[in-house]
Amino acid sequence: MDVKKIEEDLDRLVKNCIQVVNVEELKVKLIRYYREGKPIKAKLGLDPTAPDIHLGHTIVLRKLRDFQYMGDEVILIIGDFTGLIGDPSGRNVTRKPLSRDEIEKNAETYRQQIFKILDPAKTRVEYNSTWLRELGSDGFIRLCSRFTVSQILQRDDFSTRLKENKPISVHELIYPIAQAYDSVMIEADVELGGTDQTFNLLLGRELQREYQQEPQICMTLPILEGLDGVEKMSKSLGNYIGVTESPKEIFGKVMSISDQLMFRYYALLTGVPDTELETWKSMISDNKLNPMELKTRLARTLIEQFYDAAEAEQAEIEFKHIFSERKLPEEMPVSFYNCEDQKIWIIKLIMQEGMVSSQSEVRRLIKQGGVYYKIISDFENVPAELPQSEMERVPDANFEVDACAPMALILKVGKKSFRLIKFINQPYPA
RNA sequence: GGGGAGGUACCCAAGUGGACAAAGGGGGCAGACUGUAAAUCUGUUGCCGAAGGCUUCAGAGGUUCGAAUCCUCUCCUCCCCA
């Protein structure tokens, strides 16, 4: 048995983890894997209500992939049972219970997104309703009887909410129990989760002991900060980068993070070693390296994880084009406008194009100088490399565009919204 | 079951009869600047509009010339007692 290899594997698995309970047991399992060929079962529970995977999730997924590289089995558990009940965590927004169909749809979405990172061949997907429904209410009550209320209330967010006089629904209390039971049913060796899952993971450990199973290793990974650098990354906060977003969007979002946050993303989302990061940091403080270049590189690296190098490069070119060289995008949404009368009120046009949600907002943007336009004499002949400086600022809310076929109008509304409007002079085909 | 405290805009939070489309902070958006959509500074942040108007303070009614503010009922959250 190769002792050195085991140490290496162990190092790799433990890297980035906030906590591993406990490393010794993990080592035992590793040794047994190499000696007897018994793969480690690594478990991750998924909530079927939020099928959009973002960078925050990928930290855990990348860790799971480490297990897969070593030949281990990854078991994803779709928490459809709890999903069927409906989870009103949060305060007054009671989420409606999901139907079978919706859950199935969400699960499918999960699969598609998750396999951008995991190896489908080494991944097993299970639904916890399989065993939880079978348990029946009497079985479930018996299961609950293994825990005490104060035990459950130890969970951080429960006790916090209790202290802050915030509501806790009864069924929220039983979620961790259901999750723990999942571990028993699949006889998990390891369960992974964000640090917010620590309690749930540990509960699984305890329940397994009750069932005379070898307790699972609990690995908690950091919760990724969102684009704002403060709140955790989440869809509802809108500070996230989804794995299905277009390369262009991902690139832009990465470039918008602070220099400080960039290093955090490097550490957690890429394979760049810490020593390298330290070097970069000192180079930046010595002014030998422009942080922007590192950020560009980060953006490309991340895009490559979900797409490929060519698309990453394309996104970079596009970004530089628009924001560094301040040119118009190579491709922008095109629409046609049938102009009968000569003058078109700019606000009406922008509203019709759906570029802004309310008229007041358009007025605001214009007043603040955030709306630009450029008239092209022939829409068949829109110049490719047009600098934004050639555009003119819309002076006031009453501004009217004087254009008709075969002209075209380029609009820039706000920082990122572009539109090419081609004017035609004929009735739409019936 | 009894008693008490609350529900204000995207979020937090002030406001307890008129000067309130509603302080302050966060977030968002825009401008300047730049190294980038970093940082910083400034402005802006219900809707429609030329002025002006319209709809908002958990919901429904009511009192009043006038209500986020007072009254009644309903819904929701929390605390204490049982």
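Proteins get letters first, then strands, A, B, ... in listed order; numbering begins at 1 in each.
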TODO: For A:Met292 and B:A38, give me the distance from atom CE to atom P, rounded to whole Å.
DONE: 13 Å
Open item on the list: Using a 4.0 Å heavy-atom cut-off, does A:Gly369 contact any base of the nucleic acid, only the sugar-phosphate backbone, or nothing at all?
Closed with: sugar-phosphate
Task: Nearest atoms (heavy-atom pairs only) where A:Ala315 meets A:Ile303 - done: CB-CD1, 4.0 Å
Open item on the list: When the P atoms of B:G4 and B:G59 are compared, how many Å lie between them, rounded to an integer?
Closed with: 24 Å
TODO: May I ask you to say whether A:Glu108 pairs ionically with A:Lys105, meaning some side-chain N is under 4.0 Å from a carboxylate O?
DONE: no
Open item on the list: Roughly how many Å apart are B:G24 and B:G43, using the P atom of each and rounding to a whole number?
Closed with: 12 Å
Open item on the list: Over all strands shown, is A:Leu261 touching base, sugar-phosphate only, or nothing at heavy-atom distances under 4.0 angstrom?
Closed with: nothing
- [ ] Write down the distance between CG (A:Leu227) and P (B:G28), rounded to a whole number of angstrom.
- [x] 9 Å
Open item on the list: Can you see if the side chain of A:Arg363 gets near the phosphate of B:G46 - specifically, an N or O under 4.0 Å from OP1 or OP2?
Closed with: no
Open item on the list: Does B:A39 have its OP1 or OP2 closer than 4.0 Å to a side-chain nitrogen or oxygen of A:Ser258?
Closed with: no
Task: Side-chain ion pair, A:Glu390 and A:Lys374, N-O less than 4.0 Å - done: yes
Task: For atom CZ of A:Phe158 and atom P of B:C78, their distance in whole Å - done: 14 Å
TODO: Output yes when a side-chain donor or acceptor of A:Asp378 lies under 3.5 Å from a complementary backbone atom of A:Glu380, and no otherwise.
DONE: yes
Open item on the list: Can you check the distance between B:C20 and B:C29, where both ends of the measurement are the C1' atom (answer in whole Å)?
Closed with: 24 Å
Task: Same-atom distance (C1') from B:A82 to B:C12, integer angstrom - done: 35 Å
- [ ] Ignoring backbone atoms, test whether A:Ser358 places a side-chain nitrogen or oxygen under 4.0 Å from the OP1 or OP2 oxygen of B:C48.
- [x] yes
Open item on the list: Under 4.0 Å, counting only non-hydrogen atoms across every strand here, what does A:Lys416 touch: a base, just sugar-phosphate, or nothing?
Closed with: base
- [ ] Give a yes or no on whether a donor-acceptor pair under 3.5 Å exists between the nucleobase atoms of B:G31, that is its base, and the side chain of A:Gln368.
- [x] no
Task: Atom pair distance, as rounded to whole Å: CD in A:Glu361 and C1' in B:G28 - done: 9 Å
Task: Nearest-Å distance for atom pair CG/P, residues A:Asn239 and B:C29 - done: 12 Å
TODO: Give a yes or no answer on whether the side chain of A:Gln68 reaches the backbone of A:Lys122 with a donor-acceptor pair at less than 3.5 Å.
DONE: yes
Open item on the list: Please give the distance between the P atoms of B:U44 and B:U55 as a whole number of Å.
Closed with: 26 Å
Task: Nearest-angstrom distance, P atom, B:G18 to B:C71 - done: 15 Å
- [ ] Could you please name the partner base of B:A22, counting Watson-Crick and G-U wobble pairs only when both distances are under 3.5 Å?
- [x] none
- [ ] Counting heavy atoms from C-beta on, name the nucleotide in B:U36, B:C29, B:C47 closest to the side chain of A:Arg364.
- [x] B:C47
Task: Identity of whatever pairs with B:G43 - Watson-Crick or G-U, under 3.5 angstrom - done: B:C29
TODO: Please report, rounded to the nearest Å, how far the C1' atom of B:A38 is from the CZ atom of A:Phe319.
DONE: 10 Å
Open item on the list: Can you tell me whether the side chain of A:Asp259 and the base of B:G35 have a donor-acceptor pair closer than 3.5 Å?
Closed with: yes
Task: Rounded distance (Å) that lies between atom P of B:C47 and atom CG of A:Leu365 - done: 11 Å
Open item on the list: Donor-acceptor check, side chain of A:His321 to backbone of A:Arg326, threshold 3.5 angstrom: yes or no?
Closed with: no
Task: A:Phe323 CZ to B:A37 P, straight-line distance once rounded to whole Å - done: 7 Å
Open item on the list: Less than 6.0 angstrom from the centroid, inside 45 degrees of the normal: does A:Lys415 satisfy that with respect to the ring of A:Phe323?
Closed with: no
Task: B:G1 - base-pair partner by Watson-Crick or wobble geometry, distances under 3.5 Å - done: B:C81
Open item on the list: What's the gap between B:G26 and B:A19 when it is taken at their P atoms, as a whole Å value?
Closed with: 27 Å
Task: Any-strand Watson-Crick or G-U partner of B:G52, both distances under 3.5 Å - done: B:C48
Task: cation_pi(A:Lys320, A:Phe251) dist<6.0 Å, angle<=45 - done: no
Task: Nearest-angstrom distance, P atom, B:A21 to B:A37 - done: 39 Å
Task: 5' priority, RNA chain B, between A:Ser360 and A:Met255 [closest heavy atom] - done: A:Met255
TODO: Would you tell me if any nitrogen or oxygen in the side chain of A:Lys415 comes within less than 4.0 Å of OP1 or OP2 on B:U36?
DONE: no
Open item on the list: Check this for me: does the side-chain of A:Arg326 come within 3.5 Å of the base of B:U34 through a donor and an acceptor?
Closed with: yes
Open item on the list: When both hydrogen-bonding distances must be under 3.5 Å and the geometry is Watson-Crick or G-U wobble, what is B:U16 paired with, if anything?
Closed with: none
Open item on the list: Applying the Watson-Crick and G-U wobble criteria at under 3.5 Å, what pairs with B:A58? Answer none if nothing qualifies.
Closed with: B:U74
Open item on the list: Heavy-atom nearest nucleotide on RNA chain B for A:Trp345 versus A:Arg393: which residue maps closer to 5'?
Closed with: A:Arg393
